[in-house]
Amino acid sequence: MIRDITLGQYYNRESVIHFLDPRVKLVATLVFLMSLFISTNIFAYAFATLFLAMAIMLCKVPLSFILRGLKSLILLLLISVVFNLFLTPGETILSFGILHITREGLIIAIKMAIRLVYLVIGSSILTLTTTPSKLTDGLEKGLSFLKAFRVPVAEIALMMSIALRFIPILIEETEKIMNAQSSRGADFDKGSIVDKAKSLVPLLVPLFVSAFRRANDLAIAMEARCYSDSVSRTKLKPLAYKGIDYITYVILFLYIMLIIFTRYIKIDVGIM
Amino acid sequence: MPPFIFTNILSLIDIKNLIVDFEVADADGVALSKKRVLNDITLSIDDGEFVSILGKNGSGKSTLAKCLNALILPTSGDVEILGLNTKDEKNLMSIRQNVGMTFQNPDNQIVSSIVEEDIAFGLENLGIETEEMKARIDTAMRSIGILDLRNSMVSKLSGGQKQKVSIAGILAMKPKIIVLDEPTSMIDKSSRVDLLNTVKYLNEHENITVILISHYVEEIMYGKRTIVLNDGRIIADDIPSEILLRKDILDFAGIDMPYIPKLATELKNLGKKLKGNETKVESLCQYLK
């Protein structure tokens, strides 16, 4: 049932990409997303496609698994394509009654579709190849410069990892409460949306009460184990860059340079 | 932080006239009144002891446990651990490092999703270096017998395994004393026996002082000394086999006498020639032969 939901859809494989430092992967994802939005012509898109194809091949995750993330996007994709297609003013190339498809609209729609699809694939590669705890570690270390601005980075990272730890527990608890309510005649599926929302109240109230009780227990247990925000903590698995991580940074730098360079190629190829 | 070595103190834990009051709200949640949870407790526990603290719900046993590592401070009186007073803020870290504590609900005391990372939590707080940390985690997991769980997801473990993980987590901090607050109340019977045998092993082979808080009378047989609490007062402090036969004390504390001593006492009352101190099946069988 709902217990099968996994947060962060980690896919365990032995690959170069799985092996990379999480900070590198975060930067790589960011660089790739940026590159999509500064891409203007067909060359840029070709390079981006090549880059993405290489990442997909190297990560050894089945393509069907990677594409699964696109399912939830279909509606958004459809809406944005249709709106761009019909509502962009410009040179008309096709007409259906009062609806006109313009040349400019077609270009924008295609670009938008490619960007959205690549964006989702790119970020799913990150979550498919990195465990949530590594991702948290990467964020903590990668954003540690924010400590200078008094942002409690380490505390936020700890909060994130505790949240991850408690997701399965709270899901189990939700199931228990749902069963308890159902056995006394509650129905969570029937009626209008308003009825459904109302039926969630007796579910959420005990869930919140129990979550607060757990939080209190955990705080006491953490204190008993010498946790204090005033001392600096050491790490069991400190992040350290390896050779491959530096190589990846160089590749990323070259890639973004290439994409920027394509902006200065002035050619009139096809519709792009 | 090096372990503390004191040669001139006699007892590990020294409690003098400890009184703890809680402020409790009435049924409407408004007016506050004071409730005395611990009333004039004086107690000392020596190095290497295995003490069980028995009492029904609300007898103050959990509060007493929390006083031992400064999670609760005395309203009056003193608690000294290795000669360090819990009232002094400076002592807080060394007291908590020396008094490891686990709690009733195994889920609510584990911080990380991976076993190994959770055991590391206390060490990370103490600022131990990575290499030393790995060695200590290894040793702790070996003593508890959970080496094979190193990279397991905590959410996939049973209750008994989770309790073992939390004990390993405090053991890695090299405490002198471990306080187990009802560790078996949420786990099944076979894991219960297994867990308590592990605790007994730690007490006998690693010279760790154990304080076991419990409301199961069967569990006090693992220890060498039993303290019975009722309404915040110590009503008995003796070896477990003596406590088991004191029906008055057990009644007073609202605890049922276990089956074997009960049978022995009843047989004795019927005029059979029993010593009346049989607590084990074997000794009773000896008689019936």
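Predicted, not measured: the structure shown is a model, and the values here were computed from it. Residue numbers start from 1 in every chain, and the chains themselves are labelled A, B, ... in the order their sequence lines are given, proteins ahead of strands. All heavy atoms count here, side chains included; hydrogens, waters and symmetry mates do not.
Rounding to the nearest 0.5 Å places OG of A:Ser228 at 5.5 Å from CE of B:Met93. To the nearest 0.5 Å, the span separating CD on B:Glu124 from SG on A:Cys226 amounts to 13.0 Å. Rounded to the nearest 0.5 Å, atoms OG (B:Ser112) and CG (A:Leu164) are 10.5 Å apart. Separation of atoms CG (B:Asp107) and CD1 (A:Ile169) is listed at 3.5 Å; rounding is to 0.5 Å.
Within a 6.0 Å radius of NZ in B:Lys87, other residues, nucleotides and ligands contribute more than 12 heavy atoms. Within a 6.0 Å sphere centred on CD of B:Glu129, other residues, nucleotides and ligands contribute 12 heavy atoms or fewer. Crowding of A:Arg213 atom CZ: a count of heavy atoms from other residues, nucleotides or ligands under 6.0 Å not exceeding 12. Environment of NZ in A:Lys134: sparse, with no more than 12 heavy atoms of neighbouring residues, nucleotides or ligands closer than 6.0 Å.
Proximity to chain A is limited to the side chain of B:Asn105, based on heavy atoms less than 4.5 angstrom apart. Using a 4.5 Å cut-off between heavy atoms, B:Leu123 contacts chain A through its backbone alone, with no side-chain atom that close. The contact between B:Ile137 and chain A is made entirely by side chain atoms (from C-beta outward), counting heavy-atom distances below 4.5 Å.
Residues of residues 235-243 of chain A lying under 4.5 angstrom from chain B, judged on non-hydrogen atoms, are A:Lys235, A:Leu236, A:Lys237, A:Pro238 by number. Interface residues of residues 218-225 of chain A toward chain B, defined by a heavy-atom distance below 4.5 Å and sorted by number: A:Leu218, A:Ile220, A:Ala221, A:Met222, A:Glu223, A:Ala224, A:Arg225.
The residue among B:Gln104, B:Met133, B:Gln109 with the most heavy atom pairs within less than 4.5 Å of chain A is B:Met133. When the candidates B:Lys134, B:Met153, B:Glu117 are compared by the number of heavy-atom contacts under 4.5 Å with chain A, B:Glu117 comes out ahead. With respect to chain A, the highest number of heavy-atom pairs below 4.5 Å among B:Ala70, B:Ala120, B:Gly127, B:Pro175 belongs to B:Gly127. Looking only at heavy-atom pairs under 4.5 Å with chain A, the residue among B:Val111, B:Leu92, B:Ile119 that has the most is B:Val111. Contact tally against chain A (heavy-atom pairs below 4.5 Å) for B:Asn69, B:Val99, B:Leu71: the top residue is B:Leu71.
Residues A:Ser161 and B:Ser113 come closest through the heavy atom pair O-OG, 4.4 Å.
The shortest side-chain heavy-atom distance between A:Arg165 and B:Val154 falls under the 4.5 Å cut-off. At least one side-chain heavy atom of A:Phe166 sits less than 4.5 Å from a side-chain heavy atom of B:Asn108. Two residues are said to be in side-chain contact when any heavy atoms from C-beta on lie closer than 4.5 Å; B:Phe121 and A:Arg233 meet this criterion.
Listed for the A:Thr234 side chain is a donor-acceptor partner under 3.5 Å among the backbone atoms of B:Ile128.
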